[in-house]
Amino acid sequence: SVSLFQDDYIPYPRIEEVLERGAPYPQLILPEFGGYWIEDPEADPPPVSLEIKGGGEEGDTAPGDYGYRLEQISEAAQAYRKHFLGREHLNFSCSASSVGNLLLSLRHEEDKDQESLHVLIRYTHTHTHTHTHTHTPEMFTSHFLEVQLLCDEAAGLRFSPVLYPKASQLIVNYDEHEVNNTFKFGVIYQRFGQVSEEELFRNNVETPAFTEFLQQLGDTVELQDFKGFRGGLDVSHGQTGSHSVYTVHRQQEIMFHVSTKLPFTEGDTQQLQRKRHIGNDIVAVVFQEEATPFVPDMIASNFLHAFIVVQAEERGFYKVSVTAREDVPAFGPPLPNPAVLKKGPEFRDFLLTKLINAELACYKSERFARLEERTRAALLDTLHDELYRRSQCMLGLTSGLEEEGRAENGHAHGGLLESIKVCLGLLQSCQLTLASRVS
């Protein structure tokens, strides 16, 4: 974590001091006591910590694409859909005291003389997918060794088969809860010499240069009855303004919270209506019509972690700078050197890709990583309980619960359900003990 005590740092110049020195002004300056990094266009491109989609994958390229790549959180989130969903496989659940609940998926595959086993294990801190090959008939009994290698804490745990017919849909919903195809970004207009959020949020006039920049971002849409991703804006009662800027970029829906289009409240020095939306975004764009410095802590927010600052220059060019909190990893595409791009489709592709990648990188920061871990643990607990309840219900071992198909074809406690109980009762009574398999 970053300490903000003056004794720990040699302070950077305050923005007031920078303005007093006169032009030329830097586009970005660090907060007085640090806590942020600024991307250096002259440096070699830094290693990107997030996985990058390969060039030939669906959705990664499009007509007019300029080679700027969208990053993704992890392929593991879509491993179940890719390797298991719609194919014959087995799911097992387990209650584990040390690591929380576990959910295991296995799929056996034969291709000519080679047998494969897909193993996907989920627990609180992660979920991992492996793909192993073997020629031995004991393939399925060896999967417990795979589990132990993936999760050392799993030794000695008891796994129960998941017997609910619709389990796959519940599992894929859990796995893909972090897959996001919608984004919301703040857009802030900064006039020369503005040094506080109160000054930034008081801006109401959209100059021709700012309007032209907004056209680069997307289309101005009427919010009333808007059917696309609304990004938290009101589309029924006009309480968040009448219009906003919206676009779709490589199948990703983006709604912009434009400060000048959000409601302005006379007498409210903080402009809380505007702060409420932009302050809850994770990434924001700052547009400057003339050279003036921006400091990332101008806006007090626990959520804003990255800013992309765009400054209008002559002949339709834009100068771009990037800053983010210290625990946010680097993200692409890297700034060109010099960091100046011409207005047009390539600039739009660069900027929108940079914004999406910035938000995905921010999820790796300490604050959002902790939040995601808590969310994942809660969702996994809920999924485990639901799968266990449904499995018990299928076997008729619980009462008073919903039981899909129980009354189907006139069967109550007999017929189809009893046949299932006979076939699956042995699996229920012979719970799989990992320790015995390994030994």
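Note that the structure is predicted; figures quoted are calculated from it, not measured.
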(request) Taking all non-hydrogen atoms of both residues into account, name the closest pair between Ala312 and Phe287 and its distance. (result) CB-CZ, 3.9 Å
(request) Look only at the side chain of Gln216 and the backbone of Phe347, and say whether a donor-acceptor pair between them is shorter than 3.5 Å. (result) no
(request) Say whether, by atom type as modelled, one donor and one acceptor occur between the side chain of His384 and the main chain of Asp381 under 3.5 angstrom. (result) no
(message) So does Leu217 get a backbone contact from the side chain of Arg348, meaning a donor-acceptor N/O pair under 3.5 Å?
(response) yes
(message) Quick check on Arg191: does its CZ atom have over 12 non-hydrogen neighbours (other residues, nucleotides or ligands) under 6.0 Å away?
(response) no
(request) Answer yes when Lys364 and Glu71 have at least one side-chain N-carboxylate O distance shorter than 4.0 Å, and no when they do not. (result) no
(request) Report the distance from atom CG of Asn101 to atom CG of Leu383, rounding to the nearest 0.5 Å. (result) 9.0 Å
(request) Find out whether Val258 and Phe210 are in side-chain contact, i.e. whether some heavy atom of one side chain is under 4.5 Å from a heavy atom of the other. (result) yes
(message) Would the distance check show the side chain of Asn91 and the main-chain N or O of Val162 forming a donor-acceptor pair, the cut-off being under 3.5 Å?
(response) no
(request) Identify the heavy atoms of His243 and Glu222 that sit nearest to each other, and give their distance. (result) CD2-CA, 3.7 Å
(message) Under 4.0 Å between a side-chain nitrogen and a carboxylate oxygen: does that hold for Arg81 and Asp175?
(response) no
(message) Please check this pair: side chain of Gln27 against backbone of Ala291, looking for a donor-acceptor N/O pair closer than 3.5 Å.
(response) no
(request) Can you run down the side-chain hydrogen bond (donor to acceptor under 3.5 Å, both in side chains) pairs that involve residues 274-284, sequence neighbours left out, and say none if there aren't any? (result) Lys184-Asp281, Glu197-Lys275, Asn204-Arg274, His257-Asp281, Gln273-Arg276
(message) Could you measure the distance from the NE2 atom of His305 to the CZ atom of Arg325? Nearest 0.5 Å is fine.
(response) 4.5 Å
(message) Is any side-chain heavy atom of Leu200 closer than 4.5 Å to one of Val286?
(response) no
(request) For residues Asp40 and Glu42, report the shortest heavy-atom separation together with the two atoms involved. (result) OD1-N, 2.9 Å
(request) With the side chain counted from C-beta on, respond yes when Arg250 and Ile356 share a heavy-atom pair under 4.5 Å apart, and no when they do not. (result) no
(message) What I want to find out is whether Glu386 reaches Arg389 closely enough, with some N-O distance under 4.0 Å, to be called a salt bridge.
(response) yes
(request) Would you check if Leu90 and Pro161 make a side-chain contact, meaning some heavy-atom pair closer than 4.5 Å? (result) no
(request) Without swapping roles, check the side chain of Thr240 against the backbone of Asp234 for a donor-acceptor pair under 3.5 Å. (result) yes
(message) Counting C-beta onward and ignoring hydrogens, is there a side-chain heavy-atom pair between Glu289 and Tyr189 closer than 4.5 Å?
(response) yes
(message) Strictly distance-based, threshold 3.5 Å: is any side-chain N or O of Thr220 a donor or acceptor partner for the main-chain N or O of Val245?
(response) no
(request) Compare every heavy atom of Leu304 with every heavy atom of Tyr36, then report the nearest pair and how far apart it is. (result) OH-O, 4.3 Å
(request) Please confirm whether the backbone N or O of Ser196 pairs with a side-chain atom of Glu199, one donor and one acceptor, at under 3.5 Å? (result) yes
(message) On a heavy-atom basis, which atom in Pro41 and which in Leu335 lie closest, and how many Å separate them?
(response) CB-CB, 4.0 Å
(request) Could you grab the distance from atom CG of Leu28 to atom CD1 of Ile15, nearest 0.5 Å is fine? (result) 10.0 Å
(message) Would you say that Ile308 contacts Leu351 through its side chain, given a criterion of any heavy-atom pair below 4.5 Å between the two side chains?
(response) yes
(request) Measure from the side-chain N and O atoms of Asn357 to the backbone N and O of Gly332, and report whether any donor-acceptor pair falls under 3.5 Å. (result) yes
(message) For Glu88, I'd like to know if atom CD has over 12 heavy atoms of other residues, nucleotides or ligands within 6.0 Å.
(response) no
(request) Answer yes if the ring centres of Phe183 and His249 are under 6.0 angstrom apart, and no otherwise. (result) no
(message) Rounded at 0.5 Å granularity, tell me how far CZ in Arg87 sits from NE2 in His108.
(response) 14.0 Å
(request) Keeping the roles fixed (side chain from Thr292, backbone from Gly193), state whether a donor-acceptor pair exists under 3.5 Å. (result) yes
(message) Ignoring hydrogens, what is the shortest heavy-atom contact between Leu223 and Gly241? Give both atom names and the distance.
(response) CD1-O, 3.4 Å
(message) Please verify the inter-ring angle class for Phe84 with Tyr80; under 30° counts as parallel, over 60° as perpendicular, anything in between as tilted.
(response) parallel
(request) Find out whether Pro165 and Arg390 are in side-chain contact, i.e. whether some heavy atom of one side chain is under 4.5 Å from a heavy atom of the other. (result) no
